[in-house]
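Working notes, beginning with the structure itself.
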Amino acid sequence: MKFASIVSTLIIAILYSTNAFAADDEKKTSAENTPDTQTLFKKFEQTLSNVKLVGRFTVLGKEDKPPAKEEYTITSVTKLDEGDYWLFRTRIKYGDKDVAVPLALEVKWAGDTPIITLTDFAIPQLGTFSSRVIIYDNQYAGTWSHGQVGGHLFGTIEKIKAEGEDSEP
């Protein structure tokens, strides 16, 4: 009986330590594969400068209606000195409004993935919004709210071609 108990304890200890080492190796591999901050920032700037976010949005409670079209133009994105804030030079089309406005937005990172965050953020001429938007692989997706109305948004990030630029490579 004692021998079986000792063997069981040893097996459990070996399994536990193997899992702990595997978890440590996985953390190291993940950390080793995540680019440094400057590389992430540069890629973010390149991904969101001179682009249009073209997609659709839904409204919670109105799932019977198809998602509506949306489009945001971003001329440039640059890191500000303070905290996690970035300056987005934008043109936003929302309803019957078409507004060009610079926005200082907070960007958080989940590993190598940026998440644009707005919490009760006032946009001139448009209102107050909250949102979480993930940017990944030339796509965006997230949630939004404007007062008591909210929903989901998603789409693609498309580079704006310079005047005279051919559509063929």
Side-chain angles (χ1 to χ4, degrees), residues 30-169:
S30 177
E32 290 168 359
N33 291 334
T34 300
D36 65 272
T37 302
Q38 292 306 316
T39 302
L40 289 173
F41 287 4
K42 184 175 181 179
K43 181 179 178 188
F44 184 65
E45 287 177 354
Q46 291 171 343
T47 299
L48 287 184
S49 290
N50 201 31
V51 298
K52 283 188 179 186
L53 277 60
V54 179
R56 305 224 174 237
F57 70 93
T58 65
V59 177
L60 296 175
K62 298 190 178 192
E63 287 79 9
D64 57 330
K65 294 186 178 185
K69 291 181 181 179
E70 68 176 2
E71 181 178 300
Y72 307 94
T73 301
I74 304 174
T75 306
S76 67
V77 175
T78 52
K79 176 75 173 78
L80 297 174
D81 292 335
E82 187 175 322
D84 296 324
Y85 287 88
W86 293 71
L87 179 62
F88 287 68
R89 297 197 181 278
T90 68
R91 179 176 175 196
I92 302 170
K93 293 180 181 180
Y94 182 76
D96 61 350
K97 307 280 186 180
D98 187 351
V99 180
V101 60
L103 303 170
L105 302 177
E106 189 173 23
V107 176
K108 296 292 188 179
W109 294 82
D112 64 351
T113 305
I115 304 167
I116 303 167
T117 67
L118 292 77
T119 303
D120 297 326
F121 186 85
I123 300 175
Q125 301 179 43
L126 298 177
T128 302
F129 295 83
S130 293
S131 183
R132 300 294 184 272
V133 181
I134 298 169
I135 305 296
Y136 187 76
D137 198 23
N138 291 318
Q139 298 177 69
Y140 69 96
T143 62
W144 67 274
S145 66
H146 179 141
Q148 298 300 312
V149 181
H152 300 95
L153 54 97
F154 55 92
T156 58
I157 302 168
E158 302 174 2
K159 283 288 182 189
I160 299 171
K161 296 188 187 309
E163 284 188 40
E165 187 177 332
D166 290 335
S167 57
E168 296 294 319

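Every residue meeting the side-chain contact (heavy atoms from CB on, under 4.5 Å) condition with D120, not counting sequence neighbours, appears here in chain and number order: T128, S130. Considering only residues two or more places apart in sequence or on other chains, T119 meets the side chain to side chain donor-acceptor pair (under 3.5 Å) condition with R132. Take F129 and apply the ring pair (Phe, Tyr, Trp, His ring centres under 6.0 Å) test, not counting sequence neighbours, and it matches Y94, H146. Among residues two or more places apart in sequence or in another chain, the side chain to side chain donor-acceptor pair (under 3.5 Å) test is passed with T156 by E158. A search for salt bridge (Lys or Arg N to Asp or Glu O under 4.0 Å) contacts involving K97 returns nothing, not counting sequence neighbours. For F57, the side-chain contact (heavy atoms from CB on, under 4.5 Å) partners at least two apart in sequence or on another chain are V59, A68, E70, W144, L153. Take E45 and apply the side chain to side chain donor-acceptor pair (under 3.5 Å) test, not counting sequence neighbours, and it matches no residue. In this view, H152 satisfies the ring pair (Phe, Tyr, Trp, His ring centres under 6.0 Å) rule with no residue, not counting sequence neighbours.
Among pairs with a residue in residues 80-91, those fulfilling side chain to side chain donor-acceptor pair (under 3.5 Å) read D84-K108, R91-D98, at least two apart in sequence or across chains. Applying the salt bridge (charged side-chain N to carboxylate O under 4.0 Å, His left out) test to every pair with at least one member in residues 46-59, sequence neighbours left out, gives these pairs: K52-E71. Residue pairs meeting the side chain to side chain donor-acceptor pair (under 3.5 Å) criterion with at least one partner in residues 35-44, sequence neighbours excluded, are D36-T39.
No side-chain heavy atom of V133 sits under 4.5 Å from any side-chain heavy atom of I115. T113 has its side chain within reach of I134: a pair of non-hydrogen atoms, C-beta onward, lies under 4.5 Å apart. Between V107 and T117, the closest side-chain pair of non-hydrogen atoms is not below 4.5 Å. L87 is not listed as a side-chain neighbour of L103, based on a closest heavy-atom distance of 4.5 Å or more. Here the side chains of I123 and V101 are in contact, with some heavy-atom distance below 4.5 Å.
Counting all heavy atoms, side chain and backbone alike, F121 lies closest to A104 at CE1-O, 3.5 Å. S76 and S49 make their closest contact through CA-OG, 3.5 Å (heavy atoms, listed as atom of the first residue, atom of the second, distance).
With hydrogens and angles ignored, the 3.5 Å screen pairs no side-chain donor or acceptor of Y72 with any backbone N or O of V51.
Crowding of K69 atom NZ: a count of heavy atoms from other residues, nucleotides or ligands under 6.0 Å not exceeding 12.
Here the OG1 atom belonging to T73 is positioned 9.0 Å from the CG atom belonging to L53, to the nearest 0.5 angstrom. With rounding to the nearest 0.5 Å, the separation of CG in L60 from CD in Q148 is 12.0 Å. Interatomic distance, F88 CZ to I74 CD1, rounded to the nearest 0.5 Å: 6.0 Å. Rounding to the nearest 0.5 Å gives a distance of 8.0 Å between OG of S131 and CD1 of I116.
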